[in-house]
Amino acid sequence: MSRSVIFKFRLYVADDALNSAQAKANLMALCRTHLAGRYEVDLVDVFKEPKRALMDGIFMTPTLIRIEPSPVRRIVGTLSQSDVVLRALDVDSDPP
Amino acid sequence: MKPPQPPPSLATPHKAPTGISGFDAIAGGGLPRGRTTLLVGGPGSGKTVFALQFLVHGVQHCKEPGIFVALEETSQCILANADSFGWNITPAQRKKLFFLDAQPQPDLIQSGDFDLCGMLAGLEAQALATGARRIVFDALDILLALLPDAAAQRREIYRLHAWLLSRELTAIITLKADTDDTHTISQQPFGFMQFMVDCAVILNHGVLLGVSQRSLRVQKYRGSSFDENESPFLIGNSGFEIAGARTLDSVDTQVTTERVSSGVERLDTMLGGGYYRGASVLVTGFSGTAKTTLSGAFVQAACQRGERTLFVSFDSEGGEVIRNLASVGIRLERYVKNGVLRMASARTITGSAETYLVRIKALAREHRARCVVIDPVSTWSKSGADTSAHSVAERLIDWSKADGTTLLCTRLLDEMSSPAEGSSPLQISAQVDTWIHLNYLVQAGERNRGLSIIKSRGTAHSNQVRELILSDSGVTLADIFTAGGEVLMGTLRWEKERAERVATEAAEVAGKLKRVRLDAEEAELEVRVKSLQTELVAKQIEKALLLSSSKSRAGDESRDRTRLEELRGADATPPGKNGSAT
């Protein structure tokens with residue numbers, strides 16, 4: 001995948017629940033490591049925007065949605081297994 | 001999600017009615033309001049239908065909007081299935097039913113632990129917006145299966161349960177299980193849910209001797225009494241139909257002393273006026289003992305009174321029954337034509353005894369029947385378990401009584417079984433009000449039909465066996481003869497009758513003859529009396545004449561003597577010497 005592609009993520013979290021916090025931290029670490037300067041993260045709290053979560057079909061938290069590049073990908077969980085996450089998001093595992 | 005607050009009020013003695021016929025009776029009014037009910041069942045056991053019917057009833061009759069969380073099927077599929085039940089959900093009602101498609105996407109990728117806060121947050125917003133009071137999680141196991149370990153599953157179940165309680169939602173959670181064995185279920189990963197929830201209902205769908213049998217059992221119900229037994233049910237045209245037992249506190253039905261004719265005049269007399277209205281009548285007998293004919297006579301009488309009647313035949317087609325009955329002078333075509341009589345052939349219905357019962361009930365309701373004939377009811381014992389057929393027959397009688405329907409069932413007895421009781425598994429004879437037994441008597445080269453009333457509650461009934469005679473003018477009963485300890489029927493009875501008739505005639509003739517002879521003798525005597533009287537009178541006259549003539553002669557003589565003396569100029573002489581003087 002081209003290095004110039006911007007990754008847009010949306011992360012649904014449940015307030016400050018432990019696994020949500022973990023997911024947030026894991027995502028940030030991953031982005032800084034592999035996608036420095038070409039990522040956007042939209043953080044949505046399901047308790048603050050429940051309707052939005054419902055419309056997006058979010059039943060489990062945390063849920064990460066890769067909006068761009070298409071196709072849309074969803075990953076559920078704390079994003080702790082970085083190999084799985086990177087493969088799922090089509091992010092090159094080699095650092096730049 | 002924040003740690004759930006302690007539930008504001010757990011004291012909800014009220015029940016949320018499900019609208020499922022029979023279930024509310026079993027569960028004492030419905031599901032526990034504001035609590036969670038677990039619905040466990042195997043594939044195709046009707047979990048989704050039950051849950052959906054609960055929601056639809058809430059919207060249609062209880063002003064309780066509902067949420068359906070579809071974890072397995074899509075909401076389109078579920079709604080399409082719901083349409084087939086004819087619940088007539090109006091668009092306004094449809095708006096109060098919220099369907100959440102929460103099927104896990106097949107491309108979903110998991111990485112690490114997660115929880116259900118997202119769904120609960122969304123549902124909470126939805127529940128607040130619509131004021132939902134009822135919620136269904138259909139196939140929660142699908143969602144739970146995504147969780148990495150048992151501990152996480154347990155945590156999410158408790159989270160969900162706590163959330164439901166804190167929002168005071170009346171909830172149904174359905175779970176898959178392949179068995180009704182409580183022990184086995186509790187060994188399954190989600191088995192502990194049974195201990196957590198306030199009410200657990202187990203749906204069972206099994207095949208017994210090739211016949212599908214469904215049953216429902218309330219396994220637990222905190223804070224409420226309930227019917228603990230398995231109740232058979234089926235999924236009919238309008239959803240669940242549970243054959244619930246009547247509870248003790250159910251209102252007794254109106255009992256009437258009105259009589260309805262059995263269609264056979266002498267049988268009415270034997271029964272003291274006919275069957276009671278709303279009674280259950282059982283006609284037992286071997287093949288060909290005219291059970292159907294007796295039912296036909298009853299149907300004809302009912303139709304003549306203009307009462308709507310349902311005739312369910314398990315033996316033959318409706319048309320065949322009508323044709324066959326016409327041969328004994330029972331004509332039913334016109335009643336079928338004017339709609340009073342409905343013939344139903346149940347040969348085509350396959351399934352368990354439950355199915356039969358529900359179909360018959362539906363037909364009777366549809367036809368608004370006041371009299372129902374089932375010919376023969378013994379077919380039921382062939383399909384599926386004997387015990388279930390037995391309870392079905394019981395409930396059939398119970399239903400007909402509650403409805404005030406006069407029910408006539410025939411029961412085919414096995415040729416091998418004892419003629420009095422019959423070892424048929426369908427021991428409904430204890431419950432019926434009137435039991436008529438038809439029998440054969442093979443004697444002198446013929447087979448004749450005998451009818452006797454084994455019992456008839458509340459009626460002084462004849463203890464006599466009668467001979468049942470079928471002719472092209474109808475059904476009649478005749479007295480039988482007992483001669484020398486033997487019962488005579490048919491030709492022998494006819495011969496006996498003829499012999500008696502001849503004897504009576506001879507006696508009559510002899511009597512007449514004797515009377516005539518006596519008349520003659522009397523007349524003769526009278527004549528003799530008359531002639532003697534005449535003779536007597538003659539004699540008396542003669543005697544009187546004699547007397548008067550002798551008197552006159554004496555007079556003459558004295559006169560003559562006086563004259564003579566005068567002539568002789570004689571002195572007075574003694575009268576004795578007159579004669580000698582001449």
Side-chain angles (χ1 to χ4, degrees), chain A residues 9-30 43-67 70-91 93, chain B residues 1-4 67-72 74-75 98-130 132 135 137-140 142-149 151-153 155-157 159-160 163 166-167:
Chain A
F9 297 113
R10 187 178 294 151
L11 181 66
Y12 283 92
V13 293
D15 199 21
D16 53 357
L18 181 63
N19 45 23
S20 291
Q22 281 174 354
K24 201 157 85 184
N26 284 337
L27 177 68
M28 289 312 170
L30 182 144
L43 208 60
V44 180
D45 186 341
V46 291
F47 292 116
K48 292 192 181 112
E49 298 178 76
K51 282 278 178 194
R52 190 169 166 196
L54 209 58
M55 291 303 122
D56 254 348
I58 302 303
F59 309 116
M60 292 153 269
T61 48
T63 300
L64 176 68
I65 303 179
R66 187 192 74 182
I67 297 164
S70 61
V72 173
R73 289 273 164 83
R74 286 168 178 251
I75 305 179
V76 170
T78 54
L79 312 174
S80 50
Q81 299 145 287
S82 38
D83 305 354
V84 176
V85 178
L86 289 174
R87 222 177 303 128
L89 297 177
D90 291 329
V91 175
S93 49
Chain B
M1 186 169 176
K2 290 196 175 107
I67 295 176
F68 192 101
V69 182
L71 295 158
E72 195 164 43
T74 64
S75 57
F98 178 76
F99 283 84
L100 179 66
D101 279 302
Q103 304 90 41
Q105 281 101 341
D107 59 346
L108 188 79
I109 300 153
Q110 269 178 269
S111 170
D113 194 15
F114 65 94
D115 57 54
L116 299 178
C117 288
M119 179 168 68
L120 297 187
L123 288 175
E124 178 148 346
Q126 187 62 36
L128 282 174
T130 60
I135 190 162
F137 289 88
D138 192 25
L140 189 69
I142 298 225
L143 197 59
L144 295 176
L146 297 173
L147 288 158
D149 53 56
Q153 290 174 349
R155 184 192 69 214
E156 293 313 310
I157 288 170
R159 188 198 303 279
L160 173 66
W163 177 78
S166 69
R167 300 297 169 267

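Note on naming: letters A, B, ... go to the chains in the order of the sequence lines (proteins, then strands), and numbering restarts at 1 for each one. None of these values were measured; they are calculated from a predicted model.
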With a 6.0 Å cut-off (strictly less than), is the heavy-atom count around NZ of Lys51(A), excluding the residue itself, greater than 12?
yes
Pairing residues for Arg155(B) by the side chain to side chain donor-acceptor pair (under 3.5 Å) criterion, not counting sequence neighbours:
Asp113(B)
Please list, chain by chain and in numerical order, all residues satisfying side chain to side chain donor-acceptor pair (under 3.5 Å) with Glu156(B), sequence neighbours excluded.
Arg159(B)
Residues of residues 56-65 of chain A with any heavy atom under 4.5 Å of a heavy atom in chain B:
Ile58(A), Phe59(A), Met60(A), Thr61(A), Pro62(A)
Spatial distance of atom CG (Leu100(B)) from atom CG (Leu54(A)) [nearest 0.5 Å]:
5.5 Å
By side chain to side chain donor-acceptor pair (under 3.5 Å), Thr74(B) pairs with (sequence neighbours left out) none
Closest-packed option against chain A by number of heavy-atom pairs under 4.5 Å, given Ala129(B), Ala125(B), Gly122(B):
Gly122(B)
